[in-house]
Enquirer: 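Take this structure, written in structure tokens, and hold onto it; I'll ask about it next.
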Amino acid sequence: MSRPSGEVAVEYEFDAELWQWQARTSSWTFVSVPQDMADDILDLAGPVARGFGSLRVEVSIGASTWRTSVFPDSGRGTYVLPVKRAVRTAEGLAVGSSASVHLRLLDV
């Protein structure tokens, strides 16, 4: 989505530890968005949230950039960001590692 002239993209930078969520037969690796940023995202993006309250984002960790979605996690009280295996491999990250995340909202 292109932005009108003068409108600034909504971007966040934070460090977060990778953690793993076990699904029935597979596992997923995430980072949690810091609470203050999650509150800000919810205020900005509430009306444009997609299925399950997800929001489209562009993310950079190290030299890796990709598009995905952040999802609200009521148990953690924040948004969570999936970090795919290709990124973890390329950036030398594992569960428990800390990652420097640059996150840009695409739909607000």
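Values reported hereafter were calculated over all heavy atoms of this structure, with side chains retained and with hydrogens, waters and symmetry mates removed. Since the structure is predicted, the reported quantities are computational estimates derived from the model, not experimental observations. Along the sequence shown, residues are numbered consecutively beginning with 1.
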Enquirer: Check for me, please, whether W66 and V10 land in the same ILVMFWY cluster - side-chain distances under 4.5 Å, paths through other members count.
Expert: yes
Enquirer: Identify the heavy atoms of G96 and E17 that sit nearest to each other, and give their distance.
Expert: O-CG, 3.5 Å
Enquirer: When rounded to the nearest 0.5 angstrom, what is the spacing between CG in L103 and CD1 in I41?
Expert: 5.5 Å
Enquirer: Below 30° counts as parallel, above 60° as perpendicular, anything between as tilted: where do the rings of W21 and F30 land?
Expert: perpendicular
Enquirer: If you take all heavy atoms of L18 and A99, which pair is closest and at what distance?
Expert: CD1-CB, 3.8 Å
Enquirer: Kindly give the heavy-atom pair with the smallest separation between S32 and R76, and that separation in Å.
Expert: OG-CD, 3.7 Å
Enquirer: Identify the two heavy atoms, one from L93 and one from S98, that lie closest to each other, and give their separation to 0.1 Å.
Expert: CD2-O, 3.9 Å
Enquirer: Find out if a path of hydrophobic residues (ILVMFWY) with successive side-chain heavy-atom gaps under 4.5 Å connects V95 to W28.
Expert: no
Enquirer: Would you compute the distance between atom CE of M37 and atom CG of L44 and round it to the nearest 0.5 angstrom?
Expert: 12.5 Å
Enquirer: How many angstroms lie between atom CG of L55 and atom CG of L81, to the nearest 0.5 angstrom?
Expert: 11.5 Å
Enquirer: Would you say E91's side chain and S64's backbone share a donor-acceptor pair under 3.5 angstrom?
Expert: yes
Enquirer: What pairs with A16 under side-chain contact (heavy atoms from CB on, under 4.5 Å), at least two apart in sequence or on another chain?
Expert: F14, V31
Enquirer: How close do A38 and T78 get, counting heavy atoms only, and between which atoms?
Expert: CB-OG1, 3.1 Å
Enquirer: Do you know which of V33, D40, V57, V101 makes side-chain contact (heavy atoms from CB on, under 4.5 Å) with Y12?
Expert: D40
Enquirer: To the nearest 0.5 Å, what is the distance between CZ on R88 and OG1 on T29?
Expert: 3.5 Å
Enquirer: Could you report the tightest heavy-atom contact between R104 and A9, atom names first, then the distance?
Expert: CD-CB, 4.0 Å
Enquirer: Using atom types as modelled and distance alone, determine if a side-chain donor or acceptor of R67 lies under 3.5 Å from a backbone N or O of R56.
Expert: no
Enquirer: Going from CD1 on I61 to OG on S100, what distance comes out if it is rounded to the nearest 0.5 angstrom?
Expert: 8.5 Å
